[in-house]
Amino acid sequence: FSILRSYPDTFVISGEGETPLSNLIDYLSGKQPDIDSIKGLSYASDGEFRVKKPFFLEDINILPDVDYYDLPYLEKYIDIDLFYFKKKMRTLEVVTGRGCCWDCSFCINSIFRKYKAFHRCKTFDKIRREITKPIEDLKIEVLLPADDDFFANKNLFFYCAFFIFD
């Protein structure tokens with residue numbers, strides 16, 4: 001409430017933002033008539049706060065593939081000084097999943113689980129589509145999986161291992 005109270009003309013998206021943000025843009029451009037139907041979007045209207053539950057996708061594979069070439073200043077994020085290799089290496093961080101299998105009380109994921117944000121993995125085919133060209137074009141040496149629990153999906157781990165050594 002504090003953001004909406006301080007800035008009443010503000011929209012707040014909670015949870016995963018891709019779908020609510022897209023729907024908000026549609027609403028603001030007149031393509032979507034009902035702002036109340038946008039999940040995960042909180043706002044103030046006529047002095048009343050409309051606060052929605054966080055939105056989480058059940059299947060992250062429905063999202064468009066990541067296009068690394070659309071990222072501004074991409075080169076800044078690729079040459080990374082990896083302390084465990086003690087040198088700079090061409091690195092690509094790859095989102096392979098979202099959420100977590102566990103329910104640790106000290107972790108933010110325990111709050112997200114209340115809203116059905118369980119661990120969801122991308123399929124191996126989706127990951128391969130997203131990374132094959134950048135690996136070749138950008139001469140990537142190290143892939144860093146960005147996933148709260150990469151080893152939760154054993155099949156994905158083995159597919160990735162075979163892909164790397166293929």
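Predicted model, so just to flag it, every value in this text is computed and none were measured.
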In plain terms, say whether Glu58 and Arg98 are close enough for a salt bridge, that is, a side-chain N and a carboxylate O under 4.0 Å apart.
-> no
May I ask you to decide whether Asp36 forms a salt bridge with Arg50, counting only side-chain N to carboxylate O separations under 4.0 Å?
->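 Salt bridge between Asp36 and Arg50, a charged N being under 4.0 Å from a carboxylate O: yes.
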For Arg120, the salt bridge (charged side-chain N to carboxylate O under 4.0 Å, His left out) test, sequence neighbours excluded, returns Glu16
Please identify each residue that fulfils salt bridge (charged side-chain N to carboxylate O under 4.0 Å, His left out) with Arg90, with sequence neighbours left out.
->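 Checked Arg90 against salt bridge (charged side-chain N to carboxylate O under 4.0 Å, His left out); matches are Glu75, Asp79.
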Not counting sequence neighbours, which residues clear side-chain contact (heavy atoms from CB on, under 4.5 Å) with Ser29? List them please.
-> Lys31
For Val94, what residues pass the side-chain contact (heavy atoms from CB on, under 4.5 Å) criterion, not counting sequence neighbours?
->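 Counting only residues at least two positions away or on another chain, Val94 forms a side-chain contact (heavy atoms from CB on, under 4.5 Å) with Tyr68, Leu92, Thr96, Ile127, Ile131, Leu143.
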Testing the basics here: between [X] and [Y], what is the closest heavy-atom pair and its distance to 0.1 Å?
X	Y	result
Tyr77	Pro72	CE1-O, 3.7 Å
Asn109	Gly99	OD1-CA, 4.3 Å
Pro134	Ile140	O-CG1, 3.6 Å
Thr123	Asn61	N-OD1, 2.8 Å
Cys121	Ile60	C-CD1, 3.9 Å
Ser110	Ser105	OG-O, 3.8 Å

So, taking the atom named [atom1] in [X] and the one named [atom2] in [Y], what distance separates them when rounded to the nearest 0.5 Å?
X	Y	atom1	atom2	result
Ile3	Ser42	CD1	OG	10.0 Å
Tyr7	Leu4	OH	CG	12.0 Å
Ile62	Lys126	CD1	NZ	9.5 Å
Glu18	Leu63	CD	CG	5.0 Å
Ile78	Met89	CD1	CE	13.5 Å
Leu41	Leu24	CG	CG	5.5 Å

In sequence, state the C-alpha distance, the side-chain angles, and the governing distance for Asp137 and Tyr69, and then conclude on side chain to side chain donor-acceptor pair (under 3.5 Å).
-> CA-CA 10 Å; Asp137 292 352; Tyr69 302 98; 2.7 Å; yes
Should Lys53 and Lys114 be marked as a side chain to side chain contact (heavy atoms under 4.5 Å, CB included) after you check the CA-CA gap, both sets of side-chain angles, and the distance that decides it?
-> CA-CA 10 Å; Lys53 296 186 301 186; Lys114 294 175 187 172; over 6 Å; no
[X] atom [atom1]: more than 12 heavy-atom contacts under 6.0 Å:
X	atom1	value
Lys52	NZ	yes
Tyr73	OH	no
Tyr27	OH	no

Using a side-chain heavy atom cutoff under 4.5 Å and only I, L, V, M, F, W and Y, what cluster partners does Phe106 have?
-> none
Check the pair Asp149 / Trp102 against side chain to side chain donor-acceptor pair (under 3.5 Å), numbers first and verdict last.
-> CA-CA 9 Å; Asp149 199 351; Trp102 312 108; 2.8 Å; yes
Give the cluster check for [X] versus [Y]: same hydrophobic cluster or not, with ILVMFWY residues linked at side-chain heavy-atom distances below 4.5 Å.
X	Y	answer
Ile25	Ile13	yes
Ile38	Leu28	yes
Tyr115	Val51	no

Under the ring pair (Phe, Tyr, Trp, His ring centres under 6.0 Å) rule, collect the residues that match up with Phe56, sequence neighbours excluded.
-> Phe112
For the pair Phe118 and Arg113, evaluate side chain to side chain contact (heavy atoms under 4.5 Å, CB included) and give the outcome as yes or no after the intermediate values.
-> CA-CA 6 Å; Phe118 299 99; Arg113 283 180 75 87; 3.2 Å; yes
Report yes if some heavy atom in the side chain of [X] is under 4.5 Å from a heavy atom in the side chain of [Y]; otherwise report no.
X	Y	result
Asn23	Leu21	no
Val95	Val66	no
Lys39	Thr19	no

Without hydrogens or angle criteria, can the side chains of Asp147 and His119 be said to hold a donor-acceptor pair below 3.5 Å?
-> yes
